[in-house]
Amino acid sequence: MAETKREIERKYEAAAGTDVPDLTRVRDVATVADEGVVELDAVYHDTPDLRLAADSITLRRRTGGSDAGWHLKFPVAVGVRDEIRAPLSDALPPDLAVLLRSRVRGGEVVPVVRLRSARDVRRLLDADGGLLAELSVDTVRARRLPKGPRASWTEIEVEAADDADPGILDAVEKQLRKAGVRPSDAPSKLARALAETAPEDARPDTAPPAAPGTAGAAVLAYVREQAEAIVALDPAVRRDLPDAVHQLRVACRRLRSALKTYRSVLDRNATDPLGDELKWLAGELGVARDQEVLAERLRGRLTDMPRPLRLGPVKARLRIWDTARTKDARRKAVAALDSDRYLALLDRLDALLADPPLREAAGRDAAKVLARAVRKDHARLAARVDRALSLAPGHERDLALHEARKAAKRTRYAADAARPTLGKPAKKFSKRVKKVQSLLGEHQDAVVARATLRDLAVQAHAAGETAFTWGLLYGREEAAADAAERELPEVWARAVPL
């Protein structure tokens, strides 16, 4: 069974035989316990083309020390990583392999570097004997596998204890700097080992597919950003991290919108099939995200309702409804990520970026082409808003407002994609459209909530419970939708185009 640990550490350059300064001078450090030297032997694994290392991910099988086993590390921020551990075994544990699926896909993971380290450990303790941090002086011997170049170095590593204030690292660094010790340029041992044992015939970087400053370069940069986000968020969804499903769904939608908006730049004959697959993936993920949003909304409505009006086991019924639907929704999302269809989509995105189907407009000035595309999306949004406002309140108007919301989202995403090129005007425009999108989203959420509340009322009635509270909530959602409709003309009037 894999376990996760948040790792907050810093690395420093050190010469062989470097003396560690007196760390009891560090704030809050009362004593330093010398734990002696531990011999560690780690084999780092990656794809032959080092896809994991390219994304600052490390996978190792280590023996020696108190945490022998498999370790998979994902970057969180500078100096912060999530380390997922699994027991020692000969083969890569399935719990870790599945977290690498979006990057490895149908390829193999092989040993790439072996690091042998003599780790001289010191534990920094407070006055009560509590652990603040662990400092080690590591003498490292690296070899590129199977029989490649070797390298060796000495470094100091300082890692904050699990429950300690990360500020302890600043205090320790201050003392180390006074002793002439400087931070390492390498973010990890693996990164340094790969750099210092790189083959002489390493492949040089290839030229970009579109000239800088052109529409093609701007659009491809955005497409690449969203495609990389999909790959990076895959393991976060599998780990059930907060907001991961939502962020992955947004990346799918942003990418799909860009492929539609910038059809003058990328040939739609190649991008439309990709858009269909992105729509499928977002739909599979949407079940989980929509359930999360709806459940949070209904819980909030119940909490805000005065207790005398909460009749019957309403909270229990809502909890049972949410638990069942959330479990099914998560299963559906993970099943999509486990499918061959999903891996084929990732491969097709890679192929698109490697050999983009650029049209004539791709070679033109980015500012002119992108601004024109954004204005076109705004005109499309305007037509949908005008149509919705022309309809009488009711089901048809609800549907029209939902279509306008989708158009608002696409327009906003188009502006966001153009921000690196158009600057502040695109940023301001995006904010104005976001307000329209948010208001239309509030309306749609109220519409969806009403349908769910009716179902819950029917279930309560069938079980012999009063449906009074569900009816009150239904009425409040009607009022929320009406309020959004009344506010829309004023908000829309401020969403002037670029």
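Values in this document were obtained by computation on a predicted structure and should not be read as measured data. Sequential numbering from 1 along the given sequence is applied to the chain's residues. The figures that follow rest on heavy atoms only: side chains count, while hydrogens, waters and symmetry mates do not.
Distance CG/Asp355 to CG/Asp350: 12.5 Å, rounded to 0.5 Å. A distance of 9.0 Å separates CE of Met305 from CG of Leu311, quoted to the nearest 0.5 Å. Note that the CD atom of Glu442 and the CD atom of Glu477 stand 7.5 Å from one another [nearest 0.5 Å]. Atom CZ of residue Arg405 and atom CZ of residue Arg384 lie 13.0 Å apart, to the nearest 0.5 angstrom. Expressed to the nearest 0.5 Å, how far CG of Leu248 lies from CG of Leu241 amounts to 12.0 Å. Separating the CZ atom in Arg253 from the CG atom in Leu278 is a distance of 12.0 Å, to the nearest 0.5 Å.
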Apply side-chain contact (heavy atoms from CB on, under 4.5 Å) to Asp272 and Arg263, showing your working.
CA-CA 9 Å; Asp272 279 359; Arg263 283 171 173 167; 3.3 Å; yes

Yes or no on side-chain contact (heavy atoms from CB on, under 4.5 Å) for Leu309 and Phe468, after CA distance, side-chain angles and deciding distance?
CA-CA 8 Å; Leu309 300 181; Phe468 174 81; 4.1 Å; yes

For the pair Trp470 and Val458, evaluate side-chain contact (heavy atoms from CB on, under 4.5 Å) and give the outcome as yes or no after the intermediate values.
CA-CA 9 Å; Trp470 304 117; Val458 170; over 6 Å; no

For a side chain to side chain donor-acceptor pair (under 3.5 Å) check, start with the C-alpha distance between Tyr222 and Arg254, then their side-chain angles and the critical distance, and finish with the verdict.
CA-CA 9 Å; Tyr222 186 77; Arg254 284 183 176 275; 3.2 Å; yes

Worked check of side-chain contact (heavy atoms from CB on, under 4.5 Å) between Tyr342 and Glu284
CA-CA 11 Å; Tyr342 167 65; Glu284 297 298 289; over 6 Å; no

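By the 30° and 60° cut-offs, the orientation of the rings of His378 relative to Phe429 is tilted.
Checked for salt-bridge contact, Asp290 and Arg325 miss the test: no charged N lies under 4.0 Å from a carboxylate O. A salt bridge between Arg299 and Asp322 is present, with a side-chain N of the basic residue lying under 4.0 Å from a carboxylate O of the acidic one. The pair Glu3-Lys5 does not meet the salt-bridge criterion, since no charged nitrogen lies less than 4.0 angstrom from a carboxylate oxygen.
Annotation: Glu478, atom CD; neighbour count of heavy atoms from other residues, nucleotides and ligands within 6.0 Å is above 12. Environment of CZ in Arg387: sparse, with no more than 12 heavy atoms of neighbouring residues, nucleotides or ligands closer than 6.0 Å.
Thr214 places no side-chain N or O within donor-acceptor distance of the main-chain N or O of Gly363, the cut-off being under 3.5 Å. Not one N or O on the side chain of Arg359 forms a donor-acceptor pair closer than 3.5 Å with the backbone of Asp267. A distance-only check finds a donor-acceptor pair linking the side chain of Thr411 to the backbone of Asp377 [under 3.5 Å]. In this structure a side-chain-to-backbone donor-acceptor pair under 3.5 Å is present from Arg51 to Val104. Panel note: side chain Arg101, backbone Asp338; a donor-acceptor pair is recorded below 3.5 Å. In this structure, Asp55 contributes its side chain and Ile57 its backbone to no donor-acceptor pair below 3.5 Å. In terms of modelled atom types and a separation under 3.5 Å, the side chain of Ser430 and the main chain of Lys427 share no donor-acceptor contact.
Minimum heavy-atom separation, Leu370 to Ala218: CD2-CB, 4.0 Å. Shortest non-hydrogen contact noted between Val219 and Tyr262 is CG2-CG, 3.8 Å.
Exactly one of Leu391, Val447, Val448 qualifies for a side-chain contact (heavy atoms from CB on, under 4.5 Å) with Asp398. That residue is Val447.
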